[in-house]
Participant: 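Right, I'll just put the structure down here and ask away after.
Numbered from 1 within each chain, the chains take letters A, B, ... in sequence-line order. Atoms considered below: every heavy atom in the structure, side chains included; atoms not considered: hydrogens, waters and symmetry mates.
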Amino acid sequence: MKMQKPRGTHDFLPSEMAKRRFIENIMRQTVENWGYQEIQTPTFENLKLFTLRSGETIVDEIYEFRDKGGRALALRPELTAPVLRLYVEKLQATPKPLKFYYFGNCFRYERPQKGRFREFWHFGVELIGSDRPEADAEVIALASSVLDALELRGDLHVGHLGALRSLMRDLSEEQKNAIMRFIDKRDDEGLRMYLEEIGAPALEESIYALIESEDIDEARGIVGDVPALGHLENILSLLSELGVSYKIDFSIARGLEYYTGMVFEIYAERLGTENQICGGGSYRLAHLFGGEDIPSTGFAFGFDRVVMALGDISLPPQKKVIVVSTKEARVEALKVAHRLRRHFSTNIDLMGRGVKAQLSHANVIGATHAVIVGKRELQARKVTLRDMMTGEQEMLALDEVIERIR
RNA sequence: GCCGGGGUGGGGUAGUUGGCUAUCCUUUGGGACUGUGGAUCCCACGACCCGGGUUCAAAUCUCGGCCCCGGCCCCA
């Protein structure tokens, strides 16, 4: 029986990898220019790191296992918790703010569909140590900047959980979280029934009025002049100054109980149901992992969805050299290839083919240049450079060849 | 976890009222062609997703599983 890869995973062939690396490098360059530094955490962590937070339901989607020492471990389902775990473990006494970025594979046991896999990649940043509007605005603007660098159009929605929460200030945490889930799911009927059940049907009208608010003043008219709105207003005006376009959206609930303030999501076109390519917000997690309470803001791009949303993109052309030789010049050809490999991607025949077949192969693999070494070249102490596009060729010294190809 | 559509060489396919050596294109390797690519011709390699059942006989019918695609649920 033929072996198959596990469900929901992917093999990436050279052309796909070239595209992914190209995209990844643009994202890296962008966040590094904003002063973020790369970190890497383990592929697996203690299971507890992911179950400490809200929602035991998420455990169903975690790849968990016991190692030979009986430790309960889990393949990471996301990277925010590991980064904050790292912060608490090693970096609490370092100058703030801390600005990190990561790119890594994550694992969730979910039903695969378009844009959703069991192994997928997250590219994200975490800004640790500031809860000022400038910090939140920077993270949003950075996400927007990543899209700009990729020349990808995205629909940015920004909200603040404080607005909804202040509407519900008289309810219990449990009730608030339940309502947030209904809103996040856009389950209008479920929400109405729940509000009646807890004896607060009057909330329905104001909740919907808030969700439909299109600016801060409108929201103020509903929930009053609460600090959350002032904070959001500051963030938004900074975004406007930076030329970032956004839509106010108080319906972003994110289902996450550790998100505390600003939240945002970015959607791309052409992706079907799973069209969210980025999610982020400000949160407090460090205290859950045994550290001092500290504010953080971050985002994560679903890298695979970004790749899909970009569709077919043309990559910068690469020089590709192949050294072609006759039998008597094989050793010299190896030396020539060795020299060329200090500068270019260079191939040499490994199949024992004749000159004609070697050139044919060069054509098949898309070589841009062929460097031919044979009896005549040996005698002249030169090599022949052939341009595979034009077919023009000329006998030159090897140093000249390197200059020509470059 | 639920619903729908699928699975034949590496890729794309024909073939199913059960029946001859499973069709064609492409790819790959070799040759025609021992110093010059893209063409042409020839040769070769290579497949019925897995398992059970029905049958003289299964790619074809049937049951279960696995996997793929799309949707639902969920989505830290």
Side-chain angles (χ1 to χ4, degrees), chain A residues 1-11 13 45 49-62 74 76-84 106-118 120 122 124 177 180-181 184-187 190 252-259 263 265 271-276 279-281 283 285 288 298-300 302 305 322 324-330 333 349 351-379 383-395:
Chain A
M1 185 190 140
K2 216 180 280 185
M3 292 298 293
Q4 293 179 307
K5 59 182 163 53
R7 177 157 207 207
T9 61
H10 279 298
D11 293 316
L13 296 175
E45 295 270 359
L49 178 66
F50 303 111
T51 56
L52 267 176
R53 303 175 306 155
S54 63
E56 282 294 315
T57 59
I58 64 174
V59 179
D60 298 341
E61 296 183 351
I62 290 180
R76 57 188 180 199
E78 49 102 22
L79 277 155
T80 298
V83 171
L84 268 290
C106 300
F107 307 84
R108 294 182 194 176
Y109 190 81
E110 294 186 286
R111 175 76 194 233
Q113 57 183 281
K114 185 171 188 170
R116 182 195 262 180
F117 315 107
R118 289 183 173 180
F120 55 94
H122 264 180
N177 291 331
M180 297 295 256
R181 271 193 291 275
D184 196 41
K185 280 195 278 193
R186 307 280 192 277
D187 183 355
I252 300 175
R254 302 232 66 199
L256 308 180
E257 286 144 43
Y258 67 81
Y259 276 95
V263 285
E265 298 182 340
L271 285 185
T273 327
E274 304 290 317
N275 66 341
Q276 187 187 325
Y283 58 88
L285 266 182
L288 281 180
F299 67 67
R305 291 183 188 175
I322 187 161
V324 170
S325 68
T326 59
K327 276 205 183 90
E328 62 265 55
R330 290 189 74 81
D349 176 55
M351 300 287 282
R353 292 183 168 116
V355 171
K356 187 185 183 71
Q358 288 178 49
L359 277 163
S360 175
H361 184 66
N363 193 53
V364 166
I365 66 171
T368 54
H369 300 82
V371 173
I372 303 168
V373 191
K375 200 172 179 181
R376 295 198 286 271
E377 285 81 3
L378 285 178
Q379 282 165 355
V383 297
T384 297
L385 174 64
R386 179 178 180 85
D387 184 313
M388 292 299 288
M389 306 298 283
T390 64
E392 289 166 12
Q393 63 183 53
E394 189 177 353
M395 210 185 281

Participant: Which whole-number value in Å describes the distance from A:R330 CZ to B:G35 C1'?
Facilitator: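 Distance check: A:R330 CZ to B:G35 C1' gives 14 Å.
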Participant: For A:H369 and B:U36, what is the distance between atoms NE2 and C1' respectively, to the nearest whole Å?
Facilitator: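 In whole Å, B:U36 C1' and A:H369 NE2 are 16 Å from each other.
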Participant: Could you tell me how far apart A:D187 (CG) and B:C72 (C1') are, to the nearest whole angstrom?
Facilitator: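 These atoms are roughly 14 Å apart.
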Participant: Would you mind telling me which of B:G30, B:C67, B:G37 lies closest to the side-chain atoms of A:R353?
Facilitator: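 For the A:R353 side chain, the nearest candidate turns out to be B:G30.
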Participant: Mind checking the CZ-CD spacing from A:R118 to A:E110? Nearest 0.5 Å is all I need.
Facilitator: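 The CZ atom of A:R118 sits 9.0 Å away from the CD atom of A:E110.
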Participant: With no angle test and no hydrogens, is the base of B:G35 tied to the side chain of A:Q358 by a donor-acceptor pair under 3.5 Å?
Facilitator: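 Checked by distance alone, the answer is no.
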Participant: In Å, rounded to the nearest 0.5 Å, how long is the span from CD of A:Q393 to CE of A:M388?
Facilitator: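 One finds 10.0 Å between CD of A:Q393 and CE of A:M388.
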Participant: For the C1' atoms, the ones on B:G71 and on B:G64, what distance do you get once it is rounded to whole angstrom?
Facilitator: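 Roughly 24 Å separates the two C1' atoms.
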Participant: For A:E274 and B:C72, what is the distance between atoms CD and P respectively, to the nearest whole Å?
Facilitator: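 Computing the A:E274:CD to B:C72:P distance gives 8 Å.
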Participant: For atom P, what is the distance between B:G5 and B:C43, given to the nearest Å?
Facilitator: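 That atom pair is separated by 43 Å.
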Participant: Considering only the P atoms, how many Å lie between B:G6 and B:C20, rounded to the nearest integer?
Facilitator: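 B:G6 and B:C20 have their P atoms separated by 25 Å.
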Participant: Would you call A:E392 and A:R386 a salt bridge, using N to O less than 4.0 angstrom?
Facilitator: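 Answer for the salt bridge query: no.
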Participant: Measure CD/A:E394 against P/B:G35 and give the value in whole Å, please.
Facilitator: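 Those two atoms, CD and P, are 23 Å apart.
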Participant: Could you identify the nucleotide paired to B:G1, looking across every strand shown and requiring Watson-Crick or G-U wobble geometry with both distances under 3.5 Å?
Facilitator: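 Paired with B:G1, as far as the under-3.5 Å criterion goes, is B:C72.
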Participant: Where do A:L359 and A:A370 come nearest, in terms of heavy atoms and distance?
Facilitator: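 Minimum heavy-atom separation between A:L359 and A:A370: CD2-CB, 4.0 Å.
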Participant: Expressed as a whole number of angstroms, how long is the span from A:L359:CG to B:U34:C1'?
Facilitator: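 Whole-Å distance recorded here is 14 Å.
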Participant: Out of curiosity, A:Q358 CD to A:K356 NZ, how far, rounded to the nearest 0.5 Å?
Facilitator: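 If we round to the nearest 0.5 Å, A:Q358:CD and A:K356:NZ are 12.5 Å apart.
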Participant: Send over the distance from A:E110 CD to B:G1 C1', rounded to a whole Å.
Facilitator: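 So the CD-C1' distance, A:E110 to B:G1, works out to 13 Å.
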Participant: How is A:V324 classified with respect to the nucleic acid when contacts are heavy atoms under 4.0 Å: base, sugar-phosphate, or nothing?
Facilitator: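 No contact at all - A:V324 keeps every heavy atom at 4.0 Å or more from the nucleic acid.
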Participant: Nearest to the side chain of A:K327 - B:U34, B:G71, B:G37?
Facilitator: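 Given the options B:U34, B:G71, B:G37, the side chain of A:K327 is closest to B:U34.
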Participant: Partner lookup for B:G29, please. Criteria are Watson-Crick or G-U wobble with both distances under 3.5 angstrom; report none if nothing qualifies.
Facilitator: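 Across all strands, the one nucleotide that pairs with B:G29 is B:C43.
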Participant: Using OP1 and OP2 only, check whether a side-chain N or O of A:R386 sits under 4.0 Å from B:G35.
Facilitator: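 Indeed not, no polar side-chain atom of A:R386 lies that close.
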Participant: Taking only the P atom of each, what is the distance from B:A59 to B:U23 in whole angstrom?
Facilitator: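 The same atom, P, in both gives a distance of 14 Å.
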Participant: With nearest nucleotide decided by heavy atoms, which residue, A:M395 or A:H10, maps closer to the 5′ end of RNA chain B?
Facilitator: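 It is A:M395, whose closest nucleotide lies nearer the 5' terminus.
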Participant: Which listed nucleotide (B:U36, B:U28, B:G37) is nearest to the side chain of A:R376?
Facilitator: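 The answer is B:U36.
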Participant: Kindly compute the distance separating CG (A:L285) from CG (A:L84), expressed to the nearest 0.5 Å.
Facilitator: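 Interatomic distance, A:L285 CG to A:L84 CG, rounded to 0.5 Å: 5.0 Å.
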Participant: Give A:E328 one of three labels, base, sugar-phosphate or nothing, depending on what nucleic acid heavy atoms sit under 4.0 Å from its own.
Facilitator: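 The residue A:E328 makes no contact with any strand.
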Participant: Among B:C75, B:G70, B:C73, which is the nearest nucleotide to the side chain of A:R108?
Facilitator: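 Closest nucleotide among those given: B:C75.
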Participant: For A:D11 and B:G11, what is the distance between atoms CG and P respectively, to the nearest whole Å?
Facilitator: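 Roughly 12 Å, once rounded to whole Å.
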Participant: Taking atom P in both B:C73 and B:G10, compute the distance separating them and give it to the nearest angstrom.
Facilitator: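 To the nearest whole Å, 38 Å.
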Participant: Quote, to the nearest angstrom, the P distance that separates B:G30 from B:G70.
Facilitator: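 Those two atoms are separated by 38 Å.
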Participant: Say we look at B:A32 and B:C49: how far apart would their P atoms be, to the nearest angstrom?
Facilitator: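 Roughly 39 Å separates the two P atoms.
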Participant: If I compare all heavy atoms of A:L52 with all of A:L288, which pair ends up nearest, and what's the gap?
Facilitator: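 Shortest heavy-atom separation between A:L52 and A:L288 comes out as CD1-O, 3.5 Å.
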Participant: Would you mind classifying the nucleic acid contact of A:G374 as base, sugar-phosphate or nothing, using non-hydrogen atoms under 4.0 angstrom?
Facilitator: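 Answer is base: heavy atoms of A:G374 come under 4.0 Å of a base.
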Participant: Judged by each residue's nearest nucleotide on RNA chain B, which is more toward the 5′ side, A:P112 or A:I372?
Facilitator: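 With A:I372 and A:P112 compared, the 5'-side residue is A:I372.
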Participant: Need the pair for B:U55. Rule: Watson-Crick or G-U wobble, both distances under 3.5 Å, any strand; none if unpaired.
Facilitator: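 By the stated definition (distances under 3.5 Å), nothing pairs with B:U55.
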Participant: What interatomic distance, in whole Å, is found between P of B:C61 and the corresponding atom of B:G19?
Facilitator: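 It works out to 11 Å between them.
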Participant: Quick one: which of B:C75, B:G37, B:G35 gets closest to the side chain of A:T326?
Facilitator: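 Looking only at side-chain atoms, A:T326 lies closest to B:G35.
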Participant: From the options B:C73, B:G35, B:G38, select the nucleotide whose nearest atom is closest to the side chain of A:E377.
Facilitator: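 My answer, after comparing the listed nucleotides, is B:G35.
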Participant: Consider only side-chain N and O atoms of A:E377 and A:T384, and report whether a donor and an acceptor are under 3.5 Å apart.
Facilitator: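 A:E377 vs A:T384: donor-acceptor pair found between side chains.
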Participant: OP1 or OP2 of B:U36 less than 4.0 angstrom from a side-chain nitrogen or oxygen of A:K356, does that happen here?
Facilitator: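 Indeed not, no polar side-chain atom of A:K356 lies that close.
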Participant: Does the base of B:C74 carry an N or O that pairs as donor and acceptor with the side chain of A:R111 under 3.5 Å?
Facilitator: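 Answer is no: no donor-acceptor pair is held.
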Participant: How is A:G366 classified with respect to the nucleic acid when contacts are heavy atoms under 4.0 Å: base, sugar-phosphate, or nothing?
Facilitator: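 A:G366: no heavy atom of the nucleic acid under 4.0 Å.
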